[in-house]
Amino acid sequence: PPNVTGSLHMGHALQHTMMDVLTRYKRMCGYRTLWLPGMDHAGISTQLMVSRELKKENLTRHELGRERFVERVWKWKKESGGQITKQMRREGVSVDWSREKFTMDEDLSRAVREVFVRLYEEGMIYRGNRIVNWCPNDQTVLSDLEVEKIPQAGKLYYLSYPASDGGAGVTVATTRPETMLGDTAVAVNPNDERYQSLIGATVALPLTGREIPVVADEFVDPEFGTGAVKVTPAHDPNDYDMGVRHSLPQLVVIDPHAKMTEAAGADFAGLDRYKARAKVVEKFEELGLLEKVVDYEFSISKCERCKTVIEPLISTQWFLRMDELRDAALQLLARDHKPQFVPEVPYEKVYSNWLENLRDWTISRQLWWGHQIPAWYTPEGEVVVARSEEEARVKAGTEDLTQDPDVLDTWFSSQLWPFSAMGWPEKTKDLETFYPTSVLMTGRDIIFLWVSRMVMMGMKFMGREPFADVFVTGTILDAHGQRMSKTKMNGIDPLEVFDKYGVDATRLKLASVGSTDIRWSDKQVESYRNFANKIWNASRFCLLNCDGAAVDPDSLKSSGQLALHDRWILSRINKTARDVHAALASYQFHEAVQALYHFFWDDFCDWYIELTKADVTAEQAAPHRSAARTRLLSVLEQALRLLHPFMPYITEELWQQLPGVSKQLLHPAYREAEPTIMLTAYPEANQSLIDDAAEWQMQAVIDLITRVRNIRSEMNIKPSEPIPVLIGAPDEKLRKVFSANTNQISRLLRASEISISDQLDAPRASARAVLFGGAEVAVPLAGLIDFAQERQRLQKEKEKLAAEAGKLEAQLGNPQFAERAPTEKVEEVRARIADIAQRTAQLVQSIQNLG
RNA sequence: GCCCGCUUGGCUCAGUGGUAGAGCACUCGCUUCACACGCGAGGGGUCAGUAGUUCGAAUCUACUAGCGGGCACCA
């Protein structure tokens, strides 16, 4: 579910397209499909958005109070939230709006409370006082995943701490001098010979008058800095751990607003952390205790949302223990290989590595917008966790309860989506029907945040994986290879692309993206827009020229007595259906798009329509004509079905216009529905119509036509000028193919006459070309031919063949090749050499004939 | 620091152990009665580099370079 605050971006459009292609495709295959739409309440984002609105009215959420603030958020959600669902309608996605859910809906909230209570009762959720990531700007704790590490140029300060006994003391290196006010130890590596005498001694912490011990800890790297580390348990995660190991006091010197506390001393209390840093450095310098300052590059933790530097603080929060959940997910992967990531490399490893290093998850947030934690406190401070306040009162035996003010991390509810959105914990029909789901489409950025957590929760509460496959889409970059982002202002608005090129064209482009990153280019969408236009025009031709005929799927069921081009198009369309099925089965969207594009444009438009035109547009009504019209309409109808999952708008529009469309065309599963291409059967490949002979024969015809057109072009013969075409074909089968298709060949070549014989007998002044299968073609050009030019053209052709023959002969000449390569491969090379030899001989003859 | 991905014609990208593909761009020709968002014909690549495995490598392996990701508690 996208964020309620979000609006459609290219990443959504990409995922939605692929999801919708699969949904529509599977539906047309007769499956009961469900794409359940919804929105996420997006805790922090939404709260910030509404807070900004309040600011315009010179109000803060605190002035408004929690209850009225939350009301205000709901009002905002009703009035301006969920832009994205309107935009999804524009995308043409076939989601089930009747099941739309919002993560704060009552039923989903109930699922959240149920999960919380159960996990608490099992001891997996606990409340604890630990060091956490705190955002001083948003005033909330954050999980590790909401913190980003950003490399930054900084300074490393070397601070000297004199020994308590007046000895040499020790120098520590730090990037955060202000935290020294909270130091409660100095640590050295136990094996570091330099510091053996100091271990167990104390040093005098400057500016504070405190004495702190020197402890030995393996964590300390003797190579880094001075080999001695200041230990600030209250303000650094590592120091926190060391503090626990050595039972050091946790002295809090920085508060939640990132200001120094009273404990930092009178000189510093109330100062901002950075001002305090400057002051500490200044004082050390005055005291002669600042040994040096060096430039140092390190990573700093920032709030992913507001980019404020995170302050590690000790705080009481709610945590979810991850070990058991993690183990279940890892076991699912090891034993059942689920989920199946596509592409498997690198995502499966990324996912499992992350799980293996998983630590407890901080689930509470100091926000008002979200699921309030279902925990109540008695006046004595006793905690009661319950599904409702009533239940809590019963459990606590008192009505004097205060609910924990915190809410849960947004992802706590979204991780339940695969089952909470279908009614869990009730045992609903939807759950029974649709859980586990088949496939999740997602960007790689939320594999940890969302995907892994859904797996863990699915295993925990449903006992099964939430989805079988996870398809990870690529990222759409801008034209310069940069990630699109709001701050860079380099994002492309999908809606503008829709306006400019149409939704279908945009979808086709997006579907062909696959799972690698690509740079956005309007040019590619434009070419698919042209494709949509081609579909439109081809359909227009069919509709304008097929009076009296109607779509009839039976007309495509056998190819018995049909002409070559008819047998050929049936073979092509069935092969295309086969290829598209295979491609989609393995999420090869790009291949599916290519297969459809080339079938429709090259095979159907460029050849089939042209070849059948004569029959279809014949003046006289005849059975032959109506059969041709029926076939043309029926092939078009099948093609539209094949294209439909990718291009829903244009295919539906055209399909509805076709004569003869009716309930009869619907998939048996939807027989009673109103006619719509959405519920027709996706064409299955009919193996018996895949006709290699027809494809080979058609290839011969195409080869002939292309060669003669080439002669026309190279010889500068006007397209309107009729030309005689002489064909010589020693092979009888080939002669039959040409003579059976004389009309079509003649039409496409604008031939004045066509003669076919076993031996080419052409005047000297002819342009010639060698065809495959030993055939030749000549175009007599008395008075038009430039002998030198023609000789050059043939010579060029000969050179091409010679180059190819050279390579092949070298291969065959290698004795190891004949020995070790498979026989059919060797035979293939021999056959090709023979073919080239024959063509070359014919070319030589042609050149001689020119004189 | 560790891990991973990418590098194919001018551009954006497919693809594959056995004759290099598409779209766009480019050149030439075309108001051919569906379409100039079109039709027809062309030109253009030693598939980043080096070494290896193999009868054969652009495809597999290793290393190198450039670019881009992800992960990590080095003060």
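In what follows, chains carry the letters A, B, and so on, assigned in the order in which the sequence lines appear, proteins first and then strands, with residues in each chain numbered from 1. Just so we're clear, the structure is a prediction, and the values are computed from it rather than from any experiment.
Atom NZ in A:K825 sits about 6 Å away from atom P in B:U19, given to the nearest Å. Atom CD1 of A:I518 is separated from atom P of B:U12 by 11 Å (rounded to the nearest Å).
Between A:E526 and A:N814, the residue whose closest nucleotide on RNA chain B is further toward the 5' end is A:E526. Nucleotides of RNA chain B nearest to A:S515 and A:K613 differ in position, and the one nearer the 5' end is that of A:S515.
Put simply, A:Y296 has a side-chain N or O that comes within less than 4.0 Å of OP1 or OP2 on B:A75. At B:C28, none of the side-chain N or O atoms of A:N716 fall inside 4.0 Å of OP1 or OP2 (strictly under the cut-off). Between A:K534 and B:C39 there is a side-chain N or O to OP1 or OP2 distance below 4.0 Å.
The distance between the ring centers of A:Y528 and A:Y597 falls below 6.0 angstrom. Between A:Y347 and A:Y351, the ring center distance fails the sub-6.0 Å criterion.
Pairing analysis of RNA chain B (Watson-Crick: purine N1 to pyrimidine N3 plus N6-O4 or O6-N4; G-U wobble: N1-O2 and O6-N3; both under 3.5 Å) yields stems of 3 or more pairs at B:1-7 with B:65-71, B:10-13 with B:21-24, B:26-30 with B:38-42, B:48-52 with B:60-64.
Residue-level contact check: A:D606 touches the backbone only, with heavy atoms under 4.0 Å from sugar-phosphate atoms and none from bases. Across all strands shown, A:T174 has heavy atoms under 4.0 Å from sugar-phosphate atoms exclusively, and none from any base. Counting non-hydrogen atoms under 4.0 angstrom, A:E824 reaches nothing in the nucleic acid. A:T475 comes within 4.0 angstrom of nothing in the nucleic acid, heavy atoms only.
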query = Could you write nucleotides 57-73 of chain B as a row of B, S and -, 5' to 3', where a protein heavy atom under 4.0 Å of any base atom gives B, of only sugar-phosphate atoms gives S, and otherwise -?
reply = --------------S-B

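Under the 3.5 Å distance criterion, with hydrogens and angles disregarded, a donor-acceptor pair is assigned to the side chains of A:T232 and A:D183. Under 3.5 Å, the side chains of A:W601 and A:D603 contain no donor-acceptor pair of N or O atoms.
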request  = Report the C-alpha separation of A:Q152 and A:K302 in whole Å, then their side-chain angles, then the decisive distance to 0.1 Å, and conclude whether the side chain to side chain contact (heavy atoms under 4.5 Å, CB included) test is met.
outcome  = CA-CA 11 Å; A:Q152 188 168 306; A:K302 292 192 175 181; 3.9 Å; yes

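A:H235 contributes no side-chain N or O that, together with a main-chain N or O of A:E311, makes up a donor-acceptor pair within less than 3.5 Å.
As rounded to the nearest Å, B:A65 and B:C24 have C1' atoms that lie 30 Å from one another.
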